[in-house]
Amino acid sequence: MENKKQDTASALKDIISHAKEYGFVFPSSEIYDGLQAVYDYGQNGVELKNNLKMVWWKAMTMLNDNVVGIDASIFMHPLTWKASGHVDSFNDPMIDNKDSKKRYRADTLLEDRAAQYEAEGKEEVGKALLQKMAKSLDAGDLEAVRQLIIDENITCPISNTANWTEVRQFNLMFSTQVGAVSEDASLIYLRPETAQGIFVNFLNVQKTGRMKVPFGIAQIGKAFRNEIVARNFIFRMREFEQMEMQFFVRPGTEMEWYAAWKEVRMKFHQAIGLPASKLKFHDHEKLAHYANAAVDIEYEFPFGFKEMEGIHSRTDFDLKAHQDLSRKKQQYFDPEINENYIPYVIETSVGADRLFLAVLCNAYTEEIVGEGDQQKQRIYLNLHPAIAPIKVAVLPLVKKDGLAEKAQEINRSLKFAFNTTYDEGGAIGKRYTRQDLIGTPYCVVIDYQTMEDDTVTVRDRNTMSQERISIADLKEKLGYAVSMERIFFFFFV
RNA sequence: GCGAAAGUAGCUCAGCUGGUAGAGCGCGACCUUGCCAAGGUCGAGGUCGCGGGUUCGAACCCCGUCUUUCGCUCCA
């Protein structure tokens with residue numbers, strides 16, 4: 001067990017090192033010592049991430065006639081977050097007990113004490129306490145809140161001591177001001193989730209797109225959370241990217257759609273190459289305030305099974321809250337049953353960065369090749385060809401005798417169809433290895449035979465085997481091998 | 001947030017009881033070779049995470065700080 005833990009820790013370290021050394025993920029602002037829980041994608045990482053986003057986007061919008069996309073702003077009207085519940089539930093005064101190291105919500109501690117007074121028949125005392133607390137909280141006077149806890153002699157149930165830290169406001173939403181002059185400016189938030197951008201545009205899309213329920217709206221975008229502890233590389237970042245789809249359905253039919261999307265989303269992850277054995281559903285037992293069913297798709301990262309995607313039945317919570325607060329009807333007239341209603345919503349929400357990490361962890365392969373004295377370790381990224389940053393490397397066996405020119409010509413003929421690279425430096429084996437390390441699925445090699453009969457060899461990343469094919473067939477054969485079509489085909493098997 | 005460990009070249013690391021930095025790999029150019037990280041020559045790259053302190057002198061000792069990893073904790 002201990003060994004296994006060390007192994008998994010080093011497995012993540014190896015992946016982090018690899019990600020940095022080969023241009024996938026860099027710590028943010030590294031020359032200034034980095035910024036906690038913020039990372040940048042490098043030249044290969046951005047290609048891989050873009051490919052993942054494109055596969056998801058097409059799987060949602062292109063393959064489903066009734067799903068369309070939008071791109072909403074990160075800034076939203078502050079009332080959005082009031083309606084969604086984030087202002088209330090994302091903003092807590094916390095206090096720590098120094099002995100037990102336990103953290104509590106300061107307001108909950110006082111509310112519990114007030115309830116205790118009530119149970120003892122001292123209702124006025126309890127009420128007075130709550131009023132004092134509300135006054136202090138409204139005034140933002142956290143020291144007064146702490147004093148209340150001390151005056152009431154509230155102790156930690158674990159350590160039984162009153163050795164409290166100061167009260168701190170934990171706001172998981174980042175805020176900033178809009179407006180030139182700060183006194184006139186109003187406080188706005190960086191969105192903590194992308195979903196609300198879809199909900200506030202529900203009627204815009206439904207009307208202008210003549211959408212009929214059931215239909216979905218997909219979106220890819222950044223979201224921000226001021227996480228207290230950020231851990232596990234890019235798994236939990238303060239700035240992250242979500243790929244979300246909100247699917248609007250007739251009330252009462254939500255469970256069928258919930259079940260249907262569950263299966264579709266699980267297939268997606270397998271289609272891009274994640275093995276079924278490393279994926280599982282995890283049902284939520286404690287449901288969020290907006291949901292009546294929720295499940296996570298978890299991937300087995302080096303640090304254990306963790307959430308990669310959430311599928312939630314959000315009921316009509318969000319649209320209803322927006323309708324109430326904005327006083328604009330958020331209803332759909334269903335011609336089939338001649339009825340107006342607020343649709344129910346099934347949400348599928350993947351963390352793009354988490355999917356990236358899962359794919360990278362899964363692709364990272366160390367194996368021993370060769371026999372006896374010839375044995376050596378080989379490392380390569382076993383990425384699905386359709387999501388690999390570079391699809392094809394074009395390599396002249398040597399750079400003299402016109403082979404380099406011939407190779408460049410072939411590279412030019414392929415580069416408009418998919419991502420290619422050209423490399424003539426050093427020995428051929430070294431160039432193969434360079435491509436293995438970033439997951440390039442195919443290497444096209446121009447040798448002396450090419451000059452005679454216009455054929456090249458195509459070397460496969462995983463098997464290292466070579467096949468000789470005619471230059472005229474390259475674009476079509478490789479084009480299909482690296483196409484997203486292959487993923488979508490699997491998707492529907 | 002608490003506790004533990006770590007931070008020296010792009011990577012992996014060495015650097016003895018304090019005397020102002022090295023190796024391997026990688027990278028670049030050239031020569032040679034020609035199918036799985038080949039050989040040779042030359043070269044680029046580090047104010048030793050950062051800031052103080054002790055000392056004649058600090059990569060090394062002390063304090064602080066930042067970042068990362070791990071364990072708790074937290075997490076819609």
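Residue numbers start from 1 in every chain, and the chains themselves are labelled A, B, ... in the order their sequence lines are given, proteins ahead of strands.
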Side-chain ion pair, A:Glu241 and A:Arg354, N-O less than 4.0 Å | no
Separation of atom CG in A:Asp401 from atom P in B:U33, rounded to whole Å | 11 Å
Presence of salt bridge, A:Glu307 and A:Lys280, under 4.0 angstrom | no
With nearest nucleotides of RNA chain B determined for A:Gln36 and A:His284 from heavy-atom distances, which residue corresponds to the more 5′ nucleotide?
-> A:Gln36
Nearest-nucleotide pick for A:Thr433, side chain only, options being B:A37, B:U67, B:C35 | B:A37
OP1, OP2 of B:C35 versus side-chain N and O of A:Thr457: anything below 4.0 Å?
-> no
Before accepting this row, confirm whether a basic side-chain N of the pair A:Asp151/A:Arg146 lies closer than 4.0 Å to the acidic partner's carboxylate O.
-> no
For RNA chain B, consecutive-pair runs of 3 or more (Watson-Crick or G-U wobble, both H-bond-type distances under 3.5 Å) give B:1-7 with B:66-72, B:10-13 with B:22-25, B:27-31 with B:39-43, B:49-53 with B:61-65
Any side-chain heavy atom of A:Phe26 sitting closer than 4.5 Å to one from A:Tyr39?
-> no
Between B:U67, B:G34, B:U69, which one does the side chain of A:Phe233 approach most closely?
-> B:U69
Which value, in whole Å, describes the distance between the C1' atoms of nucleotides B:A29 and B:G45?
-> 15 Å
Give a yes or no on whether a donor-acceptor pair under 3.5 Å exists between the nucleobase atoms of B:C36, that is its base, and the side chain of A:Arg431.
-> no
When you compare the protein's N or O atoms with those of nucleotides 40-50 of chain B, which come within less than 3.5 Å of each other, and at what distance?
{"unit_1": "B:G49", "atom_1": "O2'", "unit_2": "A:Asp33", "atom_2": "OD1", "d": "3.3"}

Integer-rounded Å distance: B:U69 P and A:Leu357 CG | 11 Å
Can you tell me the distance, in whole Å, between the CZ atom of A:Phe301 and the C1' atom of B:U69?
-> 17 Å
Inter-nucleotide C1' distance (B:C60, B:G22), Å rounded = 15 Å
How many Å lie between CG on A:Asp423 and C1' on B:C35, as a whole number?
-> 14 Å
Salt bridge check: are A:Arg378 and A:Glu367 linked by an N-O gap of less than 4.0 Å?
-> yes
B:G10 phosphate, OP1 or OP2: any side-chain N/O from A:Lys20 under 4.0 angstrom?
-> no
Side-chain heavy atoms of A:Arg265 within contact of A:Glu309, under 4.5 Å = yes
Kindly say if A:Asn232 contacts the phosphate of B:U68, meaning a side-chain N or O under 4.0 Å from OP1 or OP2.
-> no
For the pair A:Asp454 and A:Lys406, find out whether any cationic side-chain nitrogen is under 4.0 Å from an anionic carboxylate oxygen.
-> yes
Going by distance alone, is a donor N or O of one side chain under 3.5 Å from an acceptor N or O of the other, for A:His322 and A:Gln330?
-> no
Which residue, A:Ala427 or A:Leu397, contacts RNA chain B at a nucleotide closer to its 5' end, judged by nearest heavy atom?
-> A:Leu397
Nucleotide nearest A:Lys400 when distance is taken to its side chain, options B:U33, B:C36, B:U68 | B:U33
Would you say the side chain of A:Val67 lies within less than 4.5 Å of the side chain of A:Ile217, judging by non-hydrogen atoms?
-> no
Can you tell me, in whole Å, how much space there is between the C1' of B:C42 and that of B:A5?
-> 42 Å
With the side chain defined as heavy atoms from C-beta on, A:Lys13 is closest, among B:G34, B:C70, B:U69, to B:U69
Is any side-chain heavy atom of A:Tyr380 closer than 4.5 Å to a side-chain heavy atom of A:Arg461?
-> yes
Quote, to the nearest angstrom, the P distance that separates B:C66 from B:G10.
-> 25 Å
Of the candidates B:C30, B:C36, B:U69, the side chain of A:Lys399 sits closest to B:C30
Which nucleotide in the set B:U67, B:C35, B:U69 lies at the smallest distance from any side-chain heavy atom of A:Val445?
-> B:C35
Hey, does the side-chain of A:Arg236 have a donor or acceptor N/O within less than 3.5 Å of a partner on the base of B:C75?
-> yes
State which of B:U69, B:C36, B:C27 makes the closest approach to the side chain of A:Met464.
-> B:C36
Does A:Gln466 have a side-chain nitrogen or oxygen under 4.0 Å from the phosphate oxygens OP1 or OP2 of B:C35?
-> no
Interatomic distance at P, B:G39 relative to B:C25, whole Å | 8 Å
Rounded off to whole Å, could you give me the CG-to-P distance for the A:Leu403 and B:U33 pair?
-> 15 Å
Taking only the side-chain heavy atoms of A:Ser17 (C-beta and beyond), determine which of B:C11, B:C30, B:U67 contains the nearest atom.
-> B:C11
Pair A:Asp460-A:Ser465, side-chain donor/acceptor within less than 3.5 Å | no
With a 4.0 Å cut-off on heavy atoms, is A:Phe26 in touch with a base, just the backbone sugar-phosphate, or nothing at all?
-> nothing
Just checking A:Gly426: base, sugar-phosphate only, or nothing, at a heavy-atom cut-off of under 4.0 Å?
-> base
Between B:G19 and B:A58 - P atom distance, rounded Å | 11 Å
Quick one: label A:Ala195 by what it contacts on the DNA or RNA (base, sugar-phosphate, nothing), any heavy atom closer than 4.0 Å.
-> nothing
Of the nucleotides B:C36, B:G10, B:U69, which has the atom closest to the A:Glu21 side chain?
-> B:G10
Rounded to whole angstroms, how far apart are CD on A:Glu367 and C1' on B:C36?
-> 12 Å
Whole-Å P distance, B:C27 and B:C70 | 30 Å
Can you tell me, in whole Å, how much space there is between the C1' of B:A59 and that of B:U47?
-> 12 Å
Over-ring placement of A:Arg191 relative to A:Phe75, 6.0 Å and 45° cut-offs = no
Is it true that the NZ or CZ of A:Lys222 lies under 6.0 Å from the centre of A:Phe240's six-membered ring and within 45 degrees of the ring axis?
-> no
Ranking B:A37, B:C36, B:C35 by distance to the side chain of A:Leu437, first place goes to B:A37
Atom CZ of A:Arg434 and atom C1' of B:A37 are separated, to the nearest Å, by 9 Å
Whole-Å distance separating the CG atom of A:Asp436 from the C1' atom of B:A37 = 10 Å
